[in-house]
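A short worksheet on the structure shown next.
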Amino acid sequence: METKYIFVTGGVVSSLGKGIISSSLACLLKARGYRVTIQKFDPYINIDPGTLNPYEHGECYVTVDGHEADLDLGHYERFTNVPTTRANNVTTGRIYQSVIDKERRGDYLGKTVQIIPHITDEIKRNVMALGKTGNFDFVITEIGGVVGDIESLPFLEAVRQLRWELDGGCVCIHLTYVPYIQAAKELKTKPTQHSVKQLQQLGIQPDVLILRTEHDIPAPMRKKIAQFCNVSPDAVVQSADAPSIYKVPVLMHMQHLDEIVLRKAGIEPEGEPDMGAWNDFLSRMDSATDTVTIGLVGKYVELQDAYKSIDESLFQAATYCGRKVDIRYIHSEKVTPENVASLLDGTDGVIIAPGFGQRGIEGKFVALEWCRTHDIPTFGICLGMQCMVIEFARNVLGLKDANSTEMDPVTPHNVIDLMEEQKSIHNMGGTMRLGAYACALRPGSRAAAAYGSTAVSERHRHRFEFNSEYLTRFEQAGMQCVGKNPDTGLVEVVEIPSLRWFIGTQYHPEYSSTVLSPSPLFLDFMKSAIAYKEEKK
């Protein structure tokens, strides 16, 4: 079939969950046998989120081809089990950069370069290219921000043009908020009416309305919204708060969202989506009663989305192990030798989080020493793995000044050092080791047993590496370098076999963990944490 394009816009306020709605719709369409992908248009002028502070934008997600992307792409992958690439996340910065590069090359033959048609044409090219190159039945495009934002206007103008150009192969979904006034005990539809009116003023008539709400919206009120917003009554769907984001696809299907969208796209729905595996996950989630407690030590723990992929990977692993997970967030800046026991006591496993820079690093060393000497299941990711190496060098190898040259450029024991090819690079954007790389695991290692394979591929986001000049000393002292890149020999995985579960990965296994394909390493870590909890009883 010819590719159909679905656009998801938002109104009233941000953070309504456009990404979850887009992911849920994609999940349902994929369960019906369609080939589906999702892309996110972000209105900010940064080229990508790679240089953005987590305080600004939450987690930076990494695609298989090494693109630093919006965290919504993590939701897309977790819901669809389909890897994303740089084509799935486009910012205003990338659009303008591309247009300016073309102008400098003379591609526009001396014409005046303008928002319309040059910027909008570039946006449309990105939308259409994803459908053509990926051979998809549906391309769902989420427009970041809120209707009315200045930044979003070129994207919405591009959508308006595509509505005409695609001639029926396009569906527009608008997500708005219906607030509940507690004092009056009333739901208010006026913000939604105004939001749709703003969209209509831009030349876009939504085909489907999804109403975010904390309270059930009665049928007469939904009909009123349909009348005021020029939308058919059966195309007004409510999205009430759910106990878990993973229930949203089921809740949307109960209101026939997938069927509505198919009909709007000129396709008559047949049968039901195959949600068997998804419902099995939900059943496991609902039936779990016992809790496993995981400590997450990092410097951004006060931010809800800073470690989003790790949080979801832990939740998925715990669910498949028949447990609920209680993540205890521990600020690494506040961990000291005096309080580490009280902060980590009662945890069944500990994750040392990734990150960059000096802040909070000493607290991670303290936490790691306590975990190692108390034999707590411990998982170090990226910088967390590097901290494992530094702590071991200081407290086991006796190299008291051991450090990473990221933290101390003149350390006499640079057990973690800058990659040789990185030493001449000063531009921060997109210059790290990024994307999926192969890793060869040592047969018989705990990591190989977890994966059930000695050949794996995982995603990276870092500049600094294990210094292999120290490899023999580490292995002789008990920390084994069990995973290496087969092409470069760079160390990817370390573990201490004498402990219950003490593994560090230079890569980020959380990026590839999905609802239907949870990370084998997170699963094995969770099983070890559960076993340790049972031992303590």
Side-chain angles (χ1 to χ4, degrees), residues 64 310 313 317 349-352 354 368 371-373 375-397 399 402 404 413-417 419-420 433 435-462 464-513 517-529 531-532:
V64 287
I310 292 176
S313 298
V350 174
I351 285 188
I352 307 299
L368 279 165
C371 290
R372 180 177 55 78
T373 55
D375 199 4
I376 310 297
T378 307
F379 192 174
I381 299 173
C382 199
L383 179 62
M385 172 267 202
Q386 296 176 3
C387 289
M388 281 181 161
V389 170
I390 296 166
E391 187 278 325
F392 193 86
R394 290 181 179 182
N395 298 318
V396 178
L397 300 183
L399 308 176
S404 165
H413 298 293
N414 55 333
V415 293
I416 302 294
D417 201 2
M419 292 183 289
E420 199 60 40
R433 189 174 175 215
Y437 287 86
C439 177
L441 297 171
R442 184 181 299 171
S445 64
R446 183 69 190 250
Y451 281 102
S453 174
T454 56
V456 299
S457 177
E458 295 279 13
R459 303 179 207 183
H460 293 247
R461 185 179 184 244
H462 64 100
F464 293 78
E465 301 277 359
F466 180 93
N467 187 343
S468 293
E469 291 178 12
Y470 289 86
L471 189 148
T472 302
R473 295 173 72 175
F474 274 90
E475 295 216 324
Q476 288 175 346
M479 178 174 275
Q480 303 299 305
C481 300
V482 300
K484 294 181 182 179
N485 180 277
D487 299 319
T488 62
L490 293 170
V491 172
E492 307 277 24
V493 185
V494 298
E495 64 180 52
I496 301 179
S498 61
L499 299 179
R500 277 188 183 86
W501 206 98
F502 200 88
I503 297 178
T505 63
Q506 183 60 79
Y507 52 73
H508 291 259
E510 71 273 20
Y511 288 149
S512 56
S513 188
S517 299
S519 163
L521 214 48
F522 272 89
L523 273 174
D524 201 57
F525 169 68
M526 189 61 65
K527 289 173 185 175
S528 180
Y532 175 56

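Start at 1 with the first residue, then count along the sequence. In this text the structure is predicted, and so the values were computed from the model without any measurement.
- R500 contributes atom CZ, which lies 7.0 Å from atom CD1 of I376 (distance to the nearest 0.5 angstrom).
- Atom-to-atom distance recorded for I496:CD1 and R446:CZ is 13.5 Å, nearest 0.5 angstrom.
- Shown here for C481 and R442, the closest heavy-atom pair between the two residues is O-NH2, 3.0 Å.
- Contact check for R372 versus L499: side-chain heavy atoms found under the 4.5 Å cut-off.
- A donor-acceptor contact shorter than 3.5 Å links the side chain of R394 to the backbone of A402.
- Judged by distance alone, the side chain of S445 and the main-chain N or O of A448 form a donor-acceptor pair under 3.5 Å.
- No side-chain donor-acceptor contact under 3.5 Å links Q480 to the backbone of P497.
- Within the model, atoms CZ of F466 and CD1 of I390 stand 11.0 Å from one another, a figure rounded to the nearest 0.5 Å.
- Ring-plane geometry between H462 and H460 is classed as tilted, the angle between the planes lying from 30 to 60 degrees on a 0 to 90 degree scale.
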Inset, instruction - Test side-chain contact (heavy atoms from CB on, under 4.5 Å) on Y507 and V493 and set out the steps. - result: CA-CA 8 Å; Y507 52 73; V493 185; 3.5 Å; yes

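- Minimum interatomic distance between F474 and A393 (heavy atoms only, all atoms of both residues): CZ-CB, 3.8 Å.
- When side chains are defined from C-beta on, E458 does not count as touching C439, because their heavy atoms never get closer than 4.5 Å.
- Residues forming a salt bridge (charged side-chain N to carboxylate O under 4.0 Å, His left out) with E492 (at least two apart in sequence, or on another chain): R433.
- The only option from Y532, F379, F502 that meets the ring-ring contact (aromatic ring centres under 6.0 Å, His included) definition with F525 turns out to be F379.
- Using a 4.5 Å heavy-atom cutoff, the side chains of S453 and L441 are not in contact.
- Contact annotation: the side chain of S404 never approaches that of V389 to less than 4.5 Å [non-hydrogen atoms, C-beta and beyond].
- The closest side-chain heavy-atom distance from F522 to I351 is below 4.5 Å.
- In this structure, N485 contributes its side chain and L490 its backbone to no donor-acceptor pair below 3.5 Å.
- Judged purely by distance below 3.5 Å, without hydrogens or angles, the side chains of Y437 and Q506 never pair a donor atom with an acceptor atom.
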Inset, instruction - Kindly determine whether Y470 and L399 satisfy side-chain contact (heavy atoms from CB on, under 4.5 Å), including the steps that lead there. - result: CA-CA 11 Å; Y470 289 86; L399 308 176; 3.9 Å; yes

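- Summarising the geometry of N414 relative to N467, their closest heavy-atom pair is O-ND2, 3.0 Å, with the distance given to 0.1 Å.
- Atom CE of residue M385 and atom NE2 of residue H508 lie 11.5 Å apart, to the nearest 0.5 angstrom.
- The two residues A447 and V482 come nearest to each other via the heavy atoms CB-CG2, 4.4 Å.
- Contact check for E469 versus D417: no side-chain heavy atoms found under the 4.5 Å cut-off.
- Here the CD-CG distance, from E391 to L368, works out to 6.0 Å after rounding to the nearest 0.5 Å.
- You'll find the side chain of R459 reaches within 4.5 Å of the side chain of V64, heavy atoms only.
- Using a 4.5 Å heavy-atom threshold, the side chains of F464 and L383 count as separate.
- P509 and I381 get closest at one heavy-atom pair: CD-CG2, 4.3 Å.
- Annotation for S313 and S513: closest pair OG-CB, 3.3 Å, computed over non-hydrogen atoms.
- Taking CD of E475 as the reference point, atom CG of L471 lies at 4.5 Å (rounded to 0.5 Å).
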